[in-house]
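Inspection log for the structure reproduced underneath, given as structure tokens.
Since the structure is predicted, the reported quantities are computational estimates derived from the model, not experimental observations.
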Amino acid sequence: MNDYFAVDWGETGTATAAFKVVLINPYELGRQSFNLTAPAALLKAAGCEVACLDLTLQKLEPDTLRDAGLVAIHLGMHTATRIAIAALPKIRELAPSAHLAMYGLYAPMNADLLRGLGVHTLLGGESEPDLVALAERLRDGDISAQNTPMVQLAQVKFLPPDRSGLPKLTRYAHLNLPDGGKKIVGFTETTRGCKHLCRHCPVVPVYQGKFRTVQVDVVLADIEQQVVAGAQHISFGDPDFFNGPTHALRVLEAMHQRFPNLSFDATIKIQHLLDHAGLLPQLRGYGCLFITSAVESVDDAVLEYLDKNHTRAGFERALGLCRANGIFLAPTFVPFNPWTTLTGYIDLLGELLRLKLVQAVPPVQLAIRLLVPQGSYLLQLPGFIEQIEAFDPALLGYPWHHADPRVDALQQQIMSTAMQMENAPRSEVFRAIWQLAHDAAGLPAPTLEHADFGAAIAHLSEPWYCCAEPTDQQLQSF
């Protein structure tokens with residue numbers, strides 16, 4: 001019998017061959033991935049035997065990969081791609097006859113590198129139909145090379161994601177409430193892609209200003225199955241929840257009607273918070289606890305380089321709008337970039353103090369260094385190419401060094417401090433970073449003895465830092 005097939009005796013007792021597909025998710029911010037479970041449902045509907053592996057919580061076990069005809073790995077972010085590359089030798093050892101595929105944002109962006117590592121098929125964008133077609137082709141004995149475009153953006157007709165076989169939701173990231181309480185979190189998506197072209201964003205090279213929706217009934221079915229599994233809060237994983245505000249509100253209205261006690265969070269651009277400020281009361285009414293927004297910088301020149309379409313003043317207005325509507329704003333930053341100055345970094349820390357946002361920002365956010373992946377729109381910025389080095393396959397990006405070596409040294413100090421003080425109160429870590437920044441600039445650090453760090457906000461237990469280096473713990477999965 002072909003190694004690609006397992007025997008399924010079925011209800012009649014007749015042996016049938018089921019083509020085995022193993023879907024692997026290396027890392028996705030502590031989430032039970034939509035991008036693993038959505039293709040699982042479609043592949044099962046096509047008659048495949050499907051096993052899902054989440055490397056953040058599960059090991060690469062021989063029994064799971066044995067007889068696999070197709071192993072497909074989701075590359076949703078930089079960290080996931082680094083882990084996937086490190087895991088490839090073990091995957092080949094456990095599934096030597098399997099066709100290797102990678103799908104997600106970072107698959108087409110790193111095509112040459114991944115093909116050189118022996119990956120047969122690379123799929124980006126709305127890749128589920130091509131993934132199913134690949135499995136069907138392999139099942140029929142066609143092992144010819146990929147002859148379809150790597151990126152497809154046609155609308156997918158989804159089925160409710162198949163979350164069976166994955167660890168329980170209680171093992172994934174949970175919600176920490178300001179009063180010390182916790183909630184079990186479910187994760188889903190209502191849209192993919194983005195209609196904006198922020199230069200540093202990894203979504204842009206693949207979707208190029210387009211976004212696609214997930215059918216409302218599919219999203220609701222997915223939410224319902226997670227509520228049944230214990231979810232008390234839903235985290236929407238869309239790159240931007242307000243790419244399609246009408247679609248988002250349809251989902252929220254239906255969700256709130258069915259599960260009125262369910263809370264949620266979402267990621268929304270500062271620009272969209274300002275443009276759709278009138279919708280914020282509805283979001284709060286439907287149970288929104290907090291909004292994550294990629295502020296990135298409080299330097300208007302840097303925001304212009306990144307093409308963020310907001311300003312420092314706009315950020316402050318958006319913060320005020322959220323607070324007026326009883327919604328926490330969780331800003332994220334890329335504070336270390338080629339345009340960072342020591343005084344500019346101290347200015348960022350000062351803004352967090354002035355706006356009483358210290359408690360709203362995980363300390364690791366204050367150590368993030370700009371990543372420049374293949375295909376980044378930053379490479380189109382005049383003069384930027386002169387600031388970076390040749391692509392580094394080990395880094396999966398273009399290395400850069402700041403013109404002022406004190407800036408790079410400070411970034412390393414702050415990252416080390418954030419990691420070492422991971423379990424310390426955010427205010428205590430901020431005090432340490434405050435001192436380090438002023439020391440680096442040769443300035444006396446103003447006292448923080450009577451500083452108001454702001455109120456604690458609701459937040460997920462897994463920090464949002466998708467461009468960080470993989471940790472030793474993450475790499476232990478294999």
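- A donor and an acceptor atom, one from each side chain of Thr213 and His247, are nowhere located under 3.5 Å apart.
- Gln225 places a side-chain N or O within donor-acceptor distance of the main-chain N or O of Pro161, the cut-off being under 3.5 Å.
- Of all heavy-atom pairs spanning Met102 and Ala84, the tightest one is CE-CB, 4.2 Å.
- Closest approach of Val219 to Glu189, counting heavy atoms only: CG2-O, 3.5 Å.
- Taking the six-membered ring where the residue is Trp, Phe391 and Tyr398 present perpendicular rings, their angle passing 60° and hence far from 30°.
- Looking at Gln374, its side chain never comes within 3.5 Å of a backbone N or O of Gly397 through a donor-acceptor pair.
- The two residues Ala98 and Ala68 come nearest to each other via the heavy atoms CB-O, 3.3 Å.
- Closest approach of Leu159 to Ala45, counting heavy atoms only: CD1-CB, 3.6 Å.
- Tested against Ile270, the residues His310, Lys308, Glu316 include a single side-chain contact (heavy atoms from CB on, under 4.5 Å) partner, His310.
- The side-chain heavy atoms of Asn325 and Leu283, taken from C-beta on, include no pair separated by under 4.5 Å.
- Listed for the Lys20 side chain is a donor-acceptor partner under 3.5 Å among the backbone atoms of Thr64.
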Next item on the list: Could you check Tyr172 against Asp54 for side chain to side chain donor-acceptor pair (under 3.5 Å), going step by step and ending with a plain yes or no?
Entry: CA-CA 10 Å; Tyr172 287 89; Asp54 188 332; 2.9 Å; yes
Next item on the list: Under the side chain to side chain donor-acceptor pair (under 3.5 Å) rule, what do Asp265 and Ser235 come out as? Steps first, then yes or no, please.
Entry: CA-CA 5 Å; Asp265 71 87; Ser235 187; 3.0 Å; yes
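- A side-chain donor-acceptor contact under 3.5 Å links Arg284 to the backbone of Gly326.
- A donor and an acceptor atom, one from each side chain of Arg192 and Asn35, are located under 3.5 Å apart.
- A search for salt bridge (charged side-chain N to carboxylate O under 4.0 Å, His left out) contacts involving Asp392 returns nothing, not counting sequence neighbours.
- Side chains of Gln365 and Thr332: no donor on one and acceptor on the other come within 3.5 Å.
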Note to self: side chain to side chain contact (heavy atoms under 4.5 Å, CB included) for Ile291 and Thr267? Distances and angles first, verdict last.
What the structure shows: CA-CA 6 Å; Ile291 291 169; Thr267 299; over 6 Å; no
Check: Step by step, would you call His99 with Thr121 a side chain to side chain donor-acceptor pair (under 3.5 Å)?
Finding: CA-CA 8 Å; His99 183 102; Thr121 299; 2.7 Å; yes
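- Residue Gln155 qualifies as enclosed at atom CD: its count of foreign heavy atoms under 6.0 Å is above 12.
- Taking Ala46 as the reference, Val132, Glu136 meet the side chain to side chain contact (heavy atoms under 4.5 Å, CB included) condition, with sequence neighbours excluded.
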Note to self: Pair Asp222, Phe187 - check side chain to side chain contact (heavy atoms under 4.5 Å, CB included), show working.
What the structure shows: CA-CA 9 Å; Asp222 192 26; Phe187 299 91; over 6 Å; no
Notebook entry, point to check: Given the rule in the side chain to side chain contact (heavy atoms under 4.5 Å, CB included) test, do His459 and Leu177 qualify, once you have shown the distances and angles that lead to the verdict?
Noted result: CA-CA 7 Å; His459 62 278; Leu177 297 171; over 6 Å; no
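- Here Leu105 pairs with Val203, Val206, Tyr207 under the side chain to side chain contact (heavy atoms under 4.5 Å, CB included) rule; sequence neighbours left out.
- Side chain of Arg115 to main chain of Asn110: no donor-acceptor pair is present (N/O by atom type, distance under 3.5 Å, no hydrogens or angles).
- Ring centroids of Phe34 and Phe158 are separated by less than 6.0 Å, placing the two rings close together.
- Environment of CG in Asp112: sparse, with no more than 12 heavy atoms of neighbouring residues, nucleotides or ligands closer than 6.0 Å.
- The aromatic rings of Tyr103 and His74 are tilted relative to each other, their planes meeting at an angle between 30° and 60°.
- Annotation for Asn25 and Ser33: closest pair ND2-CB, 3.7 Å, computed over non-hydrogen atoms.
- Defined by atom type and a distance below 3.5 Å, a donor-acceptor pair is present between the side-chain atoms of Asp238 and Thr190.
- Between the side chains of Arg171 and Gln58, not a single donor N or O lies within less than 3.5 Å of an accepting N or O.
- We find the OG-CZ distance between Ser376 and Phe384 to be 6.5 Å, quoted to the nearest 0.5 Å.
- A donor-acceptor contact closer than 3.5 angstrom is absent between the side chains of His174 and Glu462.
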Next item on the list: Step by step, work out the side chain to side chain contact (heavy atoms under 4.5 Å, CB included) result for Glu49 and Val21.
Entry: CA-CA 6 Å; Glu49 176 191 349; Val21 181; over 6 Å; no
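- Counting only N and O atoms by type, the side chains of Ser293 and Lys269 include no donor and acceptor under 3.5 Å apart.
- Counting heavy atoms of neighbouring residues, nucleotides and ligands inside a 6.0 Å radius, atom CZ of Arg426 exceeds 12 of them.
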Next item on the list: Show the numbers, then the answer: is there a salt bridge (Lys or Arg N to Asp or Glu O under 4.0 Å) between Glu93 and Lys90?
Entry: CA-CA 5 Å; Glu93 175 190 333; Lys90 185 67 173 179; 3.7 Å; yes
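- Phe241 and Phe264 have tilted rings, their planes meeting at an angle from 30° to 60° on a 0 to 90° scale.
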Next item on the list: Could you go through the salt bridge (Lys or Arg N to Asp or Glu O under 4.0 Å) check for Arg66 and Asp63 one step at a time?
Entry: CA-CA 5 Å; Arg66 186 176 292 116; Asp63 287 347; 2.5 Å; yes
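- Residue Leu175 holds its CG atom at 11.0 Å from CD1 of Ile184, rounded to the nearest 0.5 Å.
- Without hydrogens or angle criteria, Arg369 side chain to Val334 main chain gives no donor-acceptor distance under 3.5 Å.
- Side chain of Lys195 to main chain of Asn243: a donor-acceptor pair is present (N/O by atom type, distance under 3.5 Å, no hydrogens or angles).
- Side-chain contact between Leu460 and Asn176 is absent, with no heavy-atom pair separated by less than 4.5 Å.
- Leu220 approaches Ala254 most closely through the heavy-atom pair CD1-CB, 3.3 Å.
- Surrounding NZ of Lys356 are at most 12 heavy atoms belonging to other residues, nucleotides or ligands under 6.0 Å away.
- Gln32 and Arg163 share a side-chain donor-acceptor pair at under 3.5 Å.
- Residues His272 and His196 place their aromatic rings such that the two centres sit under 6.0 Å apart.
- No side-chain N or O of Asp300 forms a donor-acceptor pair with one of Thr311 less than 3.5 Å apart.
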